[in-house]
Each structure stands twice: as C-alpha cells, then as structure tokens.
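These notes are about the structure you will find just below.
Positions are given from 1 along the sequence.
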Amino acid sequence: MKVILASGRSTSGMIPFIKALELDRFGGYLVSYNGASVYACRDQEEIFIQALPMSTSQQILEHLKQFDLIPMIAHDDYLYVNDVYNGMLSLENGPFNIIEYEARGGRFKLCEKHDLAAFATMPLHKILVAGQPDYIQRLEKELREPFGDTVTASYSAKLNMFFHKYYDAELYKIIPINQ
C-alpha cells in the first residue's frame, strides 16, 4: 500500500510529515500546491509539476497591483512578498499576520521584492493572494475575469485566494501505482 499525503501547502511545508509517517521508507508521495506538484518521498524528488507559465504569472501579478491585496509567491526556500511588514489582517477573532502564517506553515524564509511581476521569471506552482475577507470576496469576479479559463482561481479560506494553472479534470485519470 502506498500513502499519498495531499495538501494545498507547499512541498517544504509538508516535509516534516515524511519522517513522521515514514513516507520515505515505504515509498509514499506528497501532492502539494493544490495538485501542482507531486514529490516522491523515497527518491526525494519532484516527479510532477504543473506550474503556471511565466507569462501568466506575470500577468496575474501585474493585475493584482491595482487592488489592496497581499500577493505571495513561493519559490525554493523563500516566500516572496512586496513588504514583509504588511501582512496584518483584521479578522473576527483579532489581528492576524497572514505573511507570518504562510511563511511558518511552508517553512519559508521571507524575501521582499518591490515588483513581484518583474521578479517572477520562473514557473510558479501557484500565486497566493490575501486580503480583508469582505474585500477579497467582493473582488472575486474582477480578480478572475481577465484570465478566463486559463487559470483556476479558488478560495482556500475566506481571507485568501490562489491562482494556479487550469486543468480539465476529464483529462486526468487515476492511475494505480504498482506495488
């Protein structure tokens, strides 16, 4: 039996579970970034990637500049943001630092980039966007519309949305892993 652990989190944020669940010993897999990456634990390598094309990532990040939102992109060991000190959201139960939450959850170091669109010269698994819950939900149509069905934009919580490469579920089949 193979164990496959799936999450919207980054692969790096799931690494601690490899040892805890002995996924490396038994040949398990991590499916991360909402399905955009598959990591073979025994071989310690990414065996599948469905990243956003660089031009699409740049278009999304450019589009987001007109809104009062917090875009975040993960690459290698870093979470890149415009301003590491601008992550506070006012939620029902009090102030919440979304940048700190995502950085710690993904085990990322933080790095500021004034212009994320210009910086995004590599394929990205996904783009995470956070904002005040009522504001980001009001903007849903405006955030999605320019990209049509070229990307999927979904909520993972009422305070954040993520963009990742669109895929047609009909094209993907479940393939049994030989034992």
Side-chain angles (χ1 to χ4, degrees), residues 1-61 64 70-82 84 87 96-113 115-130 150-157 159-179:
M1 174 181 3
K2 300 285 182 182
V3 174
I4 301 171
L5 187 60
S7 175
R9 286 252 168 237
S10 65
T11 304
S12 61
M14 298 174 68
I15 293 293
F17 297 104
I18 292 175
K19 290 291 181 208
L21 300 173
E22 298 186 64
L23 297 175
D24 51 346
R25 181 175 165 211
F26 296 109
Y29 296 88
L30 300 178
V31 177
S32 54
Y33 293 105
N34 300 93
S37 174
V38 177
Y39 181 83
C41 299
R42 180 175 284 151
D43 301 330
Q44 297 181 4
E45 70 174 326
E46 187 175 49
I47 60 171
F48 173 81
I49 181 171
Q50 182 162 342
L52 287 161
M54 184 178 69
S55 62
T56 303
S57 295
Q58 291 173 326
Q59 289 169 4
I60 293 168
L61 291 163
L64 293 172
I70 304 166
M72 296 171 268
I73 57 175
H75 183 67
D76 293 334
D77 295 335
Y78 288 89
L79 181 66
Y80 295 93
V81 298
N82 296 122
V84 297
F96 180 72
N97 189 328
I98 187 66
I99 293 174
E100 179 182 4
Y101 175 80
E102 292 297 335
R104 291 188 188 278
R107 301 175 61 219
F108 292 118
K109 299 171 196 164
L110 286 170
C111 186
E112 283 185 350
K113 294 293 178 184
D115 188 346
L116 289 174
F119 171 72
T121 58
M122 72 295 271
L124 299 174
H125 291 96
K126 72 178 183 179
I127 297 171
L128 182 63
V129 185
T150 62
V151 299
T152 298
S154 306
Y155 287 102
S156 53
L159 55 87
N160 60 25
M161 168 181 265
F162 60 90
F163 293 87
H164 61 89
K165 186 173 179 181
Y166 174 80
Y167 60 92
D168 184 347
E170 294 297 315
L171 298 176
Y172 291 83
K173 307 285 184 223
I174 297 175
I175 302 170
I177 298 172
N178 294 332
Q179 303 226 356

Check your understanding: Once you round to the nearest 0.5 Å, how far does CD1 of Ile127 lie from CZ of Phe162?
Key -> 12.0 Å

Review point. How far apart are the closest heavy atoms of Pro71 and Asn82, and which atoms are they?
Key: CG-OD1, 3.5 Å

Revision key, fill the gap. Taken to the nearest 0.5 Å, the spacing of Ser7 OG from Phe17 CZ works out to 8.0 Å

**Study point:** Sequence-distant partners of Phe96, ring-ring contact (aromatic ring centres under 6.0 Å, His included), two or more places apart
**Key:** Tyr101

**Study point:** Lys165 side, atom NZ; Ser57 side, atom OG - distance, nearest 0.5 Å
**Key:** 10.5 Å

Revision key, fill the gap. To the nearest 0.5 Å, atom NZ of Lys19 lies from atom CG of Asp24 at 4.0 Å

Check your understanding: Minimum heavy-atom separation for Leu128 to Glu102, with atom names?
Key -> CD2-CD, 3.3 Å

Revision key, fill the gap. On a heavy-atom basis, the closest approach of Phe108 and Asp76 is CE2-O, 3.6 Å

Practice item. Can you establish whether the number of heavy atoms outside Tyr78 located under 6.0 Å from its atom OH is more than 12? Key: no

Study note, to complete from the structure: Only one of His164, Lys126, His125, Gln50 passes side-chain hydrogen bond (donor to acceptor under 3.5 Å, both in side chains) with Asn34, and that residue is Lys126

Check your understanding: Would you say the side-chain atoms of Asn160 pair up with the backbone N or O of Tyr155, donor to acceptor, closer than 3.5 Å?
Key -> no

**Study point:** Leu61 side chain near Ile73 side chain, heavy-atom distance below 4.5 Å
**Key:** yes

Review point. Taking all atoms of both residues into account, what is the closest heavy-atom pair of Ser10 and Gly106, and its distance?
Key: OG-CA, 3.5 Å

Practice item. Mark yes or no for whether Glu45, through its side chain, and Ala40, through its backbone, hold a donor-acceptor pair below 3.5 Å. Key: no

Review point. What distance do Leu124 atom CG and Met122 atom CE have between them, rounded to the nearest 0.5 Å?
Key: 6.0 Å

Review point. For Gly28, does its backbone N or O pair with a side-chain atom of Arg42 as donor and acceptor, under 3.5 Å?
Key: no

Check your understanding: Can you check whether Phe48 reaches Ser37 side chain to side chain, under 4.5 Å on heavy atoms?
Key -> no

Study note, to complete from the structure: Here the gap from Ile60 atom CD1 to Thr150 atom OG1, rounded to the nearest 0.5 Å, amounts to 7.0 Å

Check your understanding: Side chains of Gln58 and Thr121: closer than 4.5 Å at any heavy-atom pair?
Key -> yes

Practice item. Quick one: list whatever passes side-chain contact (heavy atoms from CB on, under 4.5 Å) with Val3, sequence neighbours left out. Key: Leu23

Exercise for review: Tell me, with the steps shown, if Tyr39 and Ile15 meet side chain to side chain contact (heavy atoms under 4.5 Å, CB included).
Suggested key: CA-CA 10 Å; Tyr39 181 83; Ile15 293 293; 4.2 Å; yes

Review point. Do side-chain atoms of Asn97 reach the backbone of Ile99 as a donor and acceptor pair under 3.5 angstrom?
Key: yes

Review point. Is there a donor-acceptor contact under 3.5 Å from the side chain of Arg107 to the main chain of Ser12?
Key: yes

